[in-house]
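I have placed the structure first, in the form of C-alpha cells, so that the comments after it can refer back to it.
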Protein chains: 2
Amino acid sequence: MTRALTSAERALDMLREAILRGELPAGARLGEVELAERLGVSRTPVREALSRLAAEGLVQLVPNRGARVATWTVDELEGVFELRALIEPQLTALAVPQATVADVDELDAVAHEMQRIGAPGPGQDLDALVPLNRTFHDRLVTLAGHPALAAALAGVVHPPIVVRNFHAYDEASLRRSLAHHVEIVAALRAGDPEWARAVMTAHIRNARAVMVRAAAANVLDLGPARPASRTRAENRVLAPEKSWHPRETEHPRETEHPREKETP
Amino acid sequence: MTRALTSAERALDMLREAILRGELPAGARLGEVELAERLGVSRTPVREALSRLAAEGLVQLVPNRGARVATWTVDELEGVFELRALIEPQLTALAVPQATVADVDELDAVAHEMQRIGAPGPGQDLDALVPLNRTFHDRLVTLAGHPALAAALAGVVHPPIVVRNFHAYDEASLRRSLAHHVEIVAALRAGDPEWARAVMTAHIRNARAVMVRAAAANVLDLGPARPASRTRAENRVLAPEKSWHPRETEHPRETEHPREKETP
DNA sequence: CTCTCCGAGATTGCATGCAACGTAGGGCTG
DNA sequence: CAGCCCTACGTTGCATGCAATCTCGGAGAG
C-alpha cells in the first residue's frame, strides 16, 4: 500500500504540475496565503513546497519578497537545449539494446498518434501534443536504464517544458519533429544505437532552432525579463481561475480583486 | 552591499558544506531538534533547509521518519560520472577561447600546487587536494561562460564530491589525474579546444575507473546500502563533535549518550 | 510638476504548541 | 522460550501568532 502523502507533498505536486502545465505563467507571483487557501492548508506546508521548487529551479525565491514562478532568459534556455543535446542522444543510444518489442510498440503508437494529431487540418490539436511528447521522451529515457542520468536530465529539462509551446513551431519544423519520433522508433526496431543517437541529436537541435527563432520574434512567454526594472505589471494574477480548485474550499469570495493587466 | 542572509539560508549553507566536506557522513541521521540547537535557531528554518537539500539530492527525506544524509549506490555514482563525462569536456572546450592569460595563469598555479601536494613522499597531503580540485574544476567550468550548463553540472556533481576520497586513488591513477590538470592548462594556453576536451574526457574516465574499483573493494564510504534492512547501526552519531559548533550554544551536556557503534 | 520622505497595510520569517505518527521496550499468551 | 500486543516515549507534521521587512499610496519640499 502506498503511503499517504503529507500536505506538503500534495502542495508540492500540485504546484509543480500547475507550473509545468503552464497554468501558473512564468513570473507569476506566488503568495503564501493565497496558495494556502487554494490548497486548504496552512502556510507552513506551502512554504516547504516553495522551498523545494526553488531548489528544483522552478521557482525563484527572494527573501522577504516572496516567490514567483521562475523566468528564463533565452541564453538559459539555449543552455538547457545544449545539455539535452549532450544527454538525450546518449540515453537514446543506451535505450536501443534495452528496449523490448512491447516497449517499441508502445513508443510506436505514441509517435504515430502524435503525427496524427499534429497533422495540418481540422483535426490538429497542438496542445494535445504536449503530454504525448512528454510521454515519448520520458519512456525513452527510462528505457536506457540509467536512473541517475535520467534524473539529472529531468532536473534540467523543466524549463523547456514550460516553454513547451508547439504553437511556436512552423509547419516544416513541426513535421520534422514528428518524423523524428517515428524515425527513432525505426532505429529502435533496427537495433541501431548510432542511428537512434543521430536522430535524437537532430531532433533536439531542431527544437532548439525553433526556440531561438521564436524567442527572437518574442513569441515565447518567458515572463518578465530577468534584470528588468520591476514594472507594475509583474503583479498579474496567477492563473485561469477555473482550472484551479484542487480542493473545494468554502470561500465564495464574491469577486477576486481584479488587479491591473498586462503592459501594453 | 550584500543582503543579510536569513536563518534558513545560513542553515542551508552550513548543512550543505558539512555534508560536502564529509563531516556529516552518508546515511547520518539529521534530527531537527539537534540541528536546530547546534545552529541556534528553531526547527522551522532547519526544516526549510532540509527540504531544499532534499530537492538537491543531498538529503533523503522520509515523511514521519526524518532526514538522513543521502546515500548513493555504485550505479548512481557511475551515472554521475557518465554525466560529467558528457558535460565537462564540452564546457572545457567552450572555456578555451574564453580564458584570458590571467585565468590560465591561475589555473596553472592550482594545477602545479596540486602536483606538489599530491607528490609521493613526506609532503603529500591527499586531503588538501580536495578543495584545490574543487577550485580547479569550478574555475574551468565558470570560464565556459555557460551558466545554465554549469548549474546543471553542479546540481549533479555533488555526490562524487562527497565521495571525493583521494585516498582511493592508487599511485598511477593519482599521477595521471594530476598530470591531466596540467595538460588541460597547456591546452588552454595553446588555444586548442579539442585537445582540452580530450584530456578532460580522459580525466573523468580515469576518475570513474578509480571509483568503480574502490567501490568493488568497499573502500568508499557510501553509507548504508539503499534498500538495506535498517540495522541498529544507522543511528550512528552525526559527526566529529568538535568540528561542529557553528554557534556557541550554552549546552554543556555532560556526556553525549554514547550510542552503539558500527556493525561488525 | 517631479522627486523625496514617510506611514499604513500587506507579506514574509521565525518561534512555539499540539496532534499524529513511528519506535522501542515490557508483559502477556501460546 | 519464542512471538505478539500494547503502552510510553521521542520525533515529525502542521497550525498559529508575532515581529521584521517590504510595498505602495500620498503629502510636502524644491
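Per chain, numbering begins at 1; letters A, B, ... match sequence-line order.
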(request) Using a strict cut-off of less than 4.0 Å between a Lys/Arg side-chain nitrogen and an Asp/Glu carboxylate oxygen, indicate whether Glu34(A) and Arg29(A) qualify as a salt bridge. (result) no
(request) Consider the side chain of Arg29(B), meaning its heavy atoms from C-beta on, and name the nucleotide among dC14(D), dT11(D), dG13(C) that approaches it most closely. (result) dT11(D)
(request) With the side chain counted from C-beta on, respond yes when Glu9(B) and Met14(B) share a heavy-atom pair under 4.5 Å apart, and no when they do not. (result) no
(message) Whole angstroms only, please: what is the CD-P distance between Glu48(A) and dT12(C)?
(response) 17 Å
(request) Side-chain contact test, heavy atoms from C-beta onward, threshold under 4.5 Å: evaluate it for Gln90(A) versus Ile87(A) and give yes or no. (result) no
(request) Compare all side-chain heavy atoms of Arg68(A) with those of Val62(A) and state whether any distance is below 4.5 angstrom. (result) no
(message) I'd like to know whether Asp13(A) forms a salt bridge (charged side-chain N to carboxylate O under 4.0 Å, His left out) with Arg16(A), so could you lay out the CA-CA distance, the side-chain angles of the two residues, the decisive distance to 0.1 Å, and finally the verdict.
(response) CA-CA 5 Å; Asp13(A) 290 344; Arg16(A) 183 167 30 215; 3.4 Å; yes
(request) For Leu50(A) and dT11(C), give me the distance from atom CG to atom P, rounded to whole Å. (result) 15 Å
(request) Let me know the distance between CG of Leu5(A) and C1' of dC21(C), rounded to the nearest Å. (result) 15 Å
(message) What I want to find out is whether Glu56(B) reaches Arg52(B) closely enough, with some N-O distance under 4.0 Å, to be called a salt bridge.
(response) no
(request) For Ala67(B) and for Arg43(A), locate the closest nucleotide of DNA chain D by heavy-atom distance; then report the residue assigned to the nucleotide nearer the 5' terminus. (result) Ala67(B)
(request) Write down the atom of Ala67(A), the atom of Leu50(A), and the distance for their closest heavy-atom approach. (result) CB-CD1, 4.1 Å
(message) Please give me the minimum heavy-atom distance between Leu132(B) and Val110(B), naming the atom from each residue.
(response) O-CG1, 3.7 Å
(message) Between C1' on dA15(D) and CZ on Arg47(A), what's the gap in Å once rounded to a whole number?
(response) 14 Å
(message) Whether the side chain of Arg65(B) and the base of dG13(D) hold a donor-acceptor pair under 3.5 Å is what I'd like checked.
(response) no
Could you list the protein-to-nucleotides 7-10 of chain D atom pairs, N/O on both sides, closer than 3.5 Å?
none

(request) State, to the nearest 10°, the angle formed by the axis through the first five base pairs of the helix from dC1(C)-dG30(D) to dG30(C)-dC1(D) and the axis through its last five. (result) 10°
(request) Write down the distance between CZ (Arg52(A)) and C1' (dG13(D)), rounded to a whole number of angstrom. (result) 13 Å
(message) What I want to find out is whether Glu32(A) reaches Arg65(A) closely enough, with some N-O distance under 4.0 Å, to be called a salt bridge.
(response) no
(request) Send over the distance from Arg68(B) CZ to dT11(D) P, rounded to a whole Å. (result) 13 Å
(message) Rounding to an integer number of Å, can you tell me how far Glu32(B) CD sits from dC21(C) P?
(response) 17 Å
(message) Could you tell me how far apart Leu61(A) (CG) and dC22(D) (C1') are, to the nearest whole angstrom?
(response) 15 Å
(message) Looking at dA15(C), I'd like to know if its phosphate oxygens (OP1 or OP2) sit under 4.0 Å from a side-chain N or O belonging to Ser42(B).
(response) yes
(message) Measuring to OP1 and OP2 of dG13(D), would you say a side-chain N or O of Ser7(A) lies under 4.0 angstrom away?
(response) no
